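Accompanying notes for the structure given below.
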Amino acid sequence: MEVPLMARKTIQNVLTSPEKLAQVNIDNSRLAGEFLLYLKSIGRAETTISAYENDLNIFWCYLLEKCGNKSFVKVSKRDLVAYQYWLAEENKNSPARIRRLKSSISSLSNYVENILDDDEEFSGFRSIVKKIENPINEQVREKTIMTDEQISELLASLVRSKQYQKACAVALAVYSGARKAELLRFKPDYFVPENIICGSLYKTPEKMKTKGRGSGKFIYKYVLVNNFKTYYDLWMEERARLGIECDNLFVRRDSADGAWVPASIGTLNSWASTFSKMLGVDFYWHSLRHYFTTHLSEKGIPDTVIQEIVGWESTEMCHIYIDTSSDEKIGSYFDENGIKDTNPISISDL
């Protein structure tokens, strides 16, 4: 019997359009443009700036349709409450999504209050967004916890069908815990013998950009050699056969001229959709970050070491990402004979 696909329950509503944006209050459009240039000037990441632009465009279109296209400086607390209700009830946005949309408005408000305070147009402006209480941040997605069997099944299936690039991407995510955007930054020449430390970990020869405040932070990334190398070798052989010379490990065909160019987030999203159908469960790349962290923990690697490998600032993140149940944790140290004798392991034992 075919297992039904459990899709991620993200509501994707089209709230803006070129036609709507063309009618947005020109003062709001101008203000947003200046704000985005300010973000660039202080080194905010392009992805962050793009997210702000998208979120503000939604708000401008709301003002256009529901509030008479009023100017941003005239937006009231009543308007913001109505906007929050509209997002939650009419568009079924999650509490987390609503918080992010409001955060973009709050950041713009702070820019106006702190940077444009000497401009007569914005005289006396005060940010009011934080006065509106946020909706309760309830989880609306069912979390997918990938099992060893599912990972093995997916990798074996991809290899059997000679989809070596996809197998390599899955293996890299599974055995490094790298985020989706980070996967796109790996290069083929990172995986050479001289970059192996402790006999069992690839360490990137340079720090890689990762998620963080401002322009992000830069950290070294680690990959379990023995687990990953088989899939890397298969993909490198395929790359050589296809004559791919792109500096990035993962690539796609350019739609214009067919040239090999770096893979994009859209590429990985498309692959994730394919993997969901193959497994019959909701696959998303971040679930593999949980899998990697859980794998290290279940092998007895201390939280302090996991923190260093994954690149977190605190061991508190381990408690969020490790998916081992309390009973499983206790069972690692106790059985019918009482307390087990446990021997610590090294990374090379993984």
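Everything numeric in this text was worked out from a predicted model, so none of it was measured. Side-chain atoms are counted along with the backbone in the values below, which use heavy atoms only and exclude waters and symmetry mates.
Applying the 6.0 Å contact sphere to CD of Glu206 captures more than 12 heavy atoms from other residues, nucleotides or ligands. Within a 6.0 Å radius of NZ in Lys229, no more than 12 heavy atoms belonging to other residues, nucleotides or ligands are found. Residue-environment remark: CG (Asp118) exceeds the threshold of 12 foreign heavy atoms within 6.0 Å. Counting non-hydrogen atoms of other residues, nucleotides and ligands closer than 6.0 Å to OH of Tyr38 gives a total of 12 or fewer.
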task = Begin with the C-alpha distance, continue with both residues' side-chain angles, and end with the deciding distance and a verdict on side-chain contact (heavy atoms from CB on, under 4.5 Å) for Leu31 and Tyr111.
result = CA-CA 10 Å; Leu31 179 62; Tyr111 165 74; 4.2 Å; yes
ask   = Step by step, would you call Ser270 with Thr267 a side chain to side chain donor-acceptor pair (under 3.5 Å)?
value = CA-CA 5 Å; Ser270 175; Thr267 307; over 6 Å; no
key: Verdict with supporting geometry, Asn226 and Tyr175, side chain to side chain donor-acceptor pair (under 3.5 Å)   = CA-CA 9 Å; Asn226 294 337; Tyr175 298 117; over 6 Å; no
key: Check against side-chain contact (heavy atoms from CB on, under 4.5 Å), Ile105 and Leu108   = CA-CA 5 Å; Ile105 303 172; Leu108 176 60; 5.7 Å; no
inquiry  = Using side-chain contact (heavy atoms from CB on, under 4.5 Å), reason through Lys102 and Ile98 one step at a time and then give a plain yes or no.
reply    = CA-CA 6 Å; Lys102 287 178 61 183; Ile98 294 172; 4.1 Å; yes
task = Applying side-chain contact (heavy atoms from CB on, under 4.5 Å), run through Gln165 and Phe250 and close with a yes or a no.
result = CA-CA 7 Å; Gln165 178 172 208; Phe250 303 119; 3.5 Å; yes
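In terms of hydrophobic clustering, with Ile, Leu, Val, Met, Phe, Trp and Tyr side chains grouped at heavy-atom distances under 4.5 Å, Leu64 and Leu80 are assigned to different clusters. Residues Leu21 and Ile58 share a hydrophobic cluster, clusters being chains of Ile/Leu/Val/Met/Phe/Trp/Tyr side chains in contact below 4.5 Å.
Between the side chain of Arg99 and the backbone N or O of Pro135, at least one donor-acceptor pair lies under 3.5 Å. Asn91 places a side-chain N or O within 3.5 Å of a backbone atom of Trp86 that can act as its donor or acceptor partner.
Remark: the Lys180 side chain and the Asn269 side chain contain an N/O donor-acceptor pair separated by less than 3.5 Å. Inspection of the Asn110 and Ser107 side chains reveals no N or O donor paired with an N or O acceptor under 3.5 Å. Side-chain contact annotation: Tyr62 with Asp79, donor-acceptor N/O pair under 3.5 Å absent.
Taking the charged nitrogens against the carboxylate oxygens, Arg30 and Glu34 do have a contact shorter than 4.0 Å, which makes a salt bridge. Electrostatic pairing of Asp247 and Arg185 does not count as a salt bridge here, judged by no charged N lying under 4.0 Å from a carboxylate O. Note on Lys20 versus Glu65: salt bridge recorded, some NZ/NE/NH1/NH2 to OD/OE distance being below 4.0 Å.
Two residues are said to be in side-chain contact when any heavy atoms from C-beta on lie closer than 4.5 Å; Phe283 and Met146 meet this criterion. At least one side-chain heavy atom of Val223 sits under 4.5 Å from a side-chain heavy atom of Phe186.
Under the side chain to side chain contact (heavy atoms under 4.5 Å, CB included) rule, Leu201 has a single partner from Ile196, Asn195, Leu224, which is Leu224.
Judged by the 6.0 Å and 45° rule, Lys203 forms no cation-pi pair with Tyr222.
Gln84 and Ile132 make their closest contact through OE1-CG2, 4.1 Å (heavy atoms, listed as atom of the first residue, atom of the second, distance). Between Arg239 and Pro188, the closest heavy-atom pair is NH2-CG, 3.7 Å. For the residue pair Trp285 and Leu183, the shortest heavy atom distance occurs at CE3-CD1, 3.7 Å.
Between Tyr52 and Phe35, a ring centre-to-centre spacing shorter than 6.0 Å is recorded. Taking the ring centroids of Tyr83 and Phe59, they lie under the 6.0 Å cut-off. A distance below 6.0 Å separates the ring centres of Phe191 and Phe228.
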